[in-house]
Structure formats: structure tokens, C-alpha cells
Amino acid sequence: MRTTRSKALYQQALRYFPGGVNSPVRAFGSVGGSPLFISKGKGARIYDEDGNSYIDLVMSWGALLLGHAPVEVTRAVAKAASLGASFGAPTSAETELAAIIARAVPSMQKMRFVSSGTEATMSAIRLSRGFTGRDKVIKFDGCYHGHADSLLVKAGSGAATQGIPGSAGVSAAISRDTIVCPYNDIEFFRNVIAQQGSKIACVIIEPVAANMGVVLPREGFLSEVRRLTAKNGIVLIFDEVITGFRLRFGGAQDLFKVKPDLTCLGKIIGGGLPIGAYGGRKDIMDHVAPLGTVYQAGTLSGNPVAVAAGIANLKALSQKDYAALDKKADTICRDLQDVFKRKRTDVVINRCGSLFTVFFTSSPVNDFTTAKEADSKRYAGYFWAMLGRGVYLPPSQFEAQFLSFSHTDRDVAAVVAAAGAA
Ligand SMILES: *Cc1c(COP(=O)(O)O)cnc(C)c1O
């Protein structure tokens with residue numbers, strides 16, 4: 001496989017961008033080597049600058065559930081752009097998109113559009129603090145909620161009460177207000193609530209974790225989190241930036257039948273264009289300015305081009321057979337499991353809907369601690385071997401693989417065959 005042009009473009013990019021990229025994982029740091037520069041995508045395939053083509057299992061980190069460049073979306077984008085890219089004034093399309101979202105996710109009685117998932121979670125946290133008059137936030141170890149200061153905090157070993165910054169530049173004062181609990185550990189969570197419940201503004205969680213690799217919630221975990229937060233006047237935020245419109249049209253909250261107070265969306269609701277949303281209970285959302293005292297704004301919020309893409313994307317998705325996609329994802333995971341078994345390689349494959357991760361480990365993965373037992377070096381070898389056989393995997397063991405409606409049975413078979421050879 002020739003990648004000379006990608007390599008040259010990377011050298012040029014290194015001059016201008018830290019690490020040559022505009023988002024860290026793109027630099028291939030955890031698999032080594034030099035990233036591919038992508039020139040185009042169509043359906044389930046992407047093409048690099050050297051003309052190689054790949055079956056894509058990243059799909060812009062989950063934003064593209066229909067596949068690359070679906071005609072419905074590209075047509076809507078072109079039309080909206082020709083009418084003016086931004087006005088900084090209301091447009092009817094925003095209400096149209098909100099209505100589609102509210103119908104699919106009824107817990108989002110009112111919402112706000114922003115420009116990224118990060119902005120959605122950041123704003124939901126501020127709103128929860130403004131609404132409750134409390135400062136502390138609970139998040140779960142290994143869950144990613146964008147890069148706002150208060151959410152870039154990991155657990156120190158067993159230190160439930162003392163957040164340790166997960167990034168330089170996050171002040172100790174801010175991280176002190178973030179409490180980190182292990183995912184899926186309801187006893188730990190119950191104890192934190194018992195001790196500090198009255199100081200906690202909100203709990204934010206990925207209902208299916210997809211940023212430490214895919215980790216499913218244990219049976220009853222989400223409903224117990226819901227029960228305890230409700231009992232203690234704590235706002236429960238589901239970060240459905242990945243799971244929204246993916247696990248089902250109604251997201252994880254529809255799948256698990258657990259209703260959060262606030263929901264954050266992103267990725268799929270923009271069909272590849274920059275958008276995010278947060279929303280939920282009317283009585284909470286009415287605390288947002290101009291109705292309330294929690295300030296949040298955006299020059300490009302509700303941007304007409306992104307909103308047009310979102311409407312076209314969600315309308316097309318509403319006609320899709322999610323059960324069939326689920327079955328395809330089940331097939332690929334079973335067949336991969338068989339391949340690895342035949343090759344006597346220990347893997348654990350976690351899957352929920354069209355999200356899955358192949359962990360190079362022999363013990364079950366239920367939280368970040370067990371996820372980290374996976375062999376990242378082995379994954380790196382697998383990644384390059386798959387790339388050489390035309391399959392583009394996420395360049396990290398701790399990211400989800402994404403199937404889309406554009407992946408055919410042939411694509412699935414090709415991925416499985418490549419895995420055997422890899
Ligand atoms: C991607 C992601 C975010 C952040 O969204 P951006 O658009 O990258 O800012 C937040 N939460 C989850 C669960 C995500 O996967």
C-alpha cells in the first residue's frame with residue numbers, strides 16, 4: 001500500500017497544527033505511524049490522497065449513520081448554503097428539526113441547538129448548577145463528554161471525593177467539584193450519593209459507554225442511577241452524543257426505558273455537519289436565558305446549513321430498519337469472534353446496536369479498569385494489518401467501531417475475511 005502523499009501532507013500539516021491535526025486521536029498516536037489524509041467518502045468507503053480505498057468503520061466517529069455523502073443530505077446542504085450560510089436570526093428550519101427530535105426523544109420537551117457535543121454537555125452542566133444551586137458534578141470513569149474543563153477529570157485511585165485533572169490546564173478548583181465514579185459500580189455510586197447527595201447538581205453519563213471502547217450498562221444500573229438522582233433532587237444528564245438516533249431512533253433512553261432530565265445530542269443530528277443539542281424537562285430548560293438566568297449563546301447556533309443536514313439525515317433515518325442494522329452488527333461480531341477463536345487469539349467483543357469494540361483481552365470488560373487491561377500494542381498491530389487489507393478501524397483500542405446503513409453484507413464479509421488474514 002502506497003501512502004507517500006499522505007505522508008507528505010502530514011509533514012506540511014505538522015508545520016501548522018500541534019501534532020499535525022485538529023483533534024488528537026487523528027494523529028494515530030496510540031497505533032504509531034503516520035495518519036492517512038482522506039480525500040473523499042461515499043457510502044461505506046473512504047479514499048485517501050494516494051487513491052487507496054477502505055471500508056470505513058469510524059464513520060466520522062459515529063456522525064454518519066447513513067454512510068458518507070448520502071444524496072438526501074448533500075442536496076439539502078447545497079440548497080441551504082445557496083440561500084445563505086448564517087443569519088444570526090431565527091429560521092423555521094430550526095423548529096422543524098427540534099420537532100423531529102422531540103418526537104423521537106420525548107424527554108426533550110425543550111432544547112437548544114449549539115455547534116458541538118462539547119458545547120451541549122458544557123451547557124447542560126451549567127444549567128444543572130443554575131437550576132439546583134449546587135456545584136458538584138458526578139461523572140463516570142472512562143466516559144467522555146467533550147473537552148470542557150469540569151468534564152476532563154478522571155478518577156484518582158479510589159478517590160471519590162477528590163477529582164484529579166485529566167488534562168493540564170484544568171484548575172484544581174474546577175476538578176474538585178467533579179466526582180468520578182467507576183462505571184457500572186452501583187454500590188460506589190450509592191455511597192457517594194449518601195455522603196454528598198445534597199451538594200450534587202448533576203450526574204452525567206453515557207448510557208452506553210462508547211469512549212473507553214464499548215461498555216454496556218449492567219442490567220438495572222441506569223434505572224438505579226435514575227432512582228437515586230430523582231430521590232436526591234439531582235439532575236440526570238444522558239450524554240447521547242453517540243447513542244442518540246443510533247441504538248434506536250429514540251436513542252438509549254428508548255432502548256433501556258430510562259428517562260433522564262436532560263439529554264445531550266451531537267454527531268448524528270448534524271449528519272456530518274457541526275451541531276449539538278441539549279434539552280429536557282421544560283421546568284429546567286426555562287432557566288436558560290433569555291427566559292432564565294443561565295447564560296448560553298452562540299453566533300452559529302442553529303446554523304441553517306447544519307440544521308438542513310440534520311433534518312435530511314433524521315428524516316432518512318426515520319425510514320430505516322434499525323433491527324436489520326442490529327442484525328448485521330451481530331453477524332459481524334459473531335463472525336469476528338469465530339475468526340479470533342480459530343486463530344487462538346483472546347478477544348472480548350462488546351456490542352450494543354451498531355456500536356462495537358474488539359478488546360484484546362480475555363476477561364469481561366465492564367468498566368474503564370477492565371478496558372485498560374486490553375492489549376493496546378496488539379490492537380495497534382491489528383489496526384495496521386487491517387488497514388493494509390482495506391479496512392479503516394479507529395486508531396485506538398479504546399474507541400468504538402461504527403457500522404452504518406451503507407455497509408452491505410459484502411462489506412461485512414470483507415471485514416471478517418480481512419480480520420482472519422490480519
Ligand atoms: C463526541 C462526543 C462528545 C463531544 O462532541 P464534540 O462534537 O466532539 O464536541 C461528547 N460526548 C460523547 C459521548 C461523545 O462521543
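Order of listing sets the numbers, starting from 1, for every ligand and every atom in it.
Atoms of ligand 1 lying under 4.0 Å from any heavy atom of Gly117, numbered from 1 in the order shown and given with element: 4 (C), 5 (O), 6 (P), 7 (O), 9 (O). Close contacts between ligand 1 and Tyr144 involve ligand atoms 11 (N), 12 (C), 13 (C) [criterion: under 4.0 Å to a heavy atom]. Close approach of ligand 1 to Ile242 is summarised as follows: ligand atoms under 4.0 Å from at least one heavy atom of the residue are 15 (O). Each of the following atoms of ligand 1 lies closer than 4.0 Å to a heavy atom of Ser116: 7 (O), 9 (O). Residue-ligand proximity, Glu206 to ligand 1, at heavy-atom distances under 4.0 Å covers atoms 13 (C). Listed by number with element, the atoms of ligand 1 under 4.0 Å from a non-hydrogen atom of Thr118 are 4 (C), 5 (O), 6 (P), 9 (O). Counting the atoms of ligand 1 from 1 in the order shown, those under 4.0 Å from a heavy atom of Asp239 are 10 (C), 11 (N), 12 (C), 13 (C).
Looking at Ile234 and Thr132, their side chains never come closer than 4.5 Å, going by heavy atoms from C-beta outward. Looking only at side-chain heavy atoms (C-beta outward), Tyr322 and Phe405 come within less than 4.5 Å of each other. Put simply, the side chain of Leu151 does not reach to within 4.5 Å of the side chain of Thr178, judged on heavy atoms.
Geometrically, ligand 1 and Asn211 share a nitrogen or oxygen pair separated by less than 3.5 Å.
Checked for salt-bridge contact, Glu224 and Arg218 miss the test: no charged N lies under 4.0 Å from a carboxylate O.
Assignment of Lys267 to the shell around ligand 1 is supported, since a heavy atom sits closer than 4.0 Å.
Heavy atoms of other residues, nucleotides or ligands lying less than 6.0 angstrom from NZ of Lys257 number more than 12. Heavy atoms of other residues, nucleotides or ligands lying less than 6.0 angstrom from NE2 of His287 number more than 12. Around atom NZ of Lys42, more than 12 heavy atoms belonging to other residues, nucleotides or ligands sit under 6.0 Å away.
Less than 4.0 angstrom separates atom 8 (O) of ligand 1 from none of the non-hydrogen atoms of the protein.
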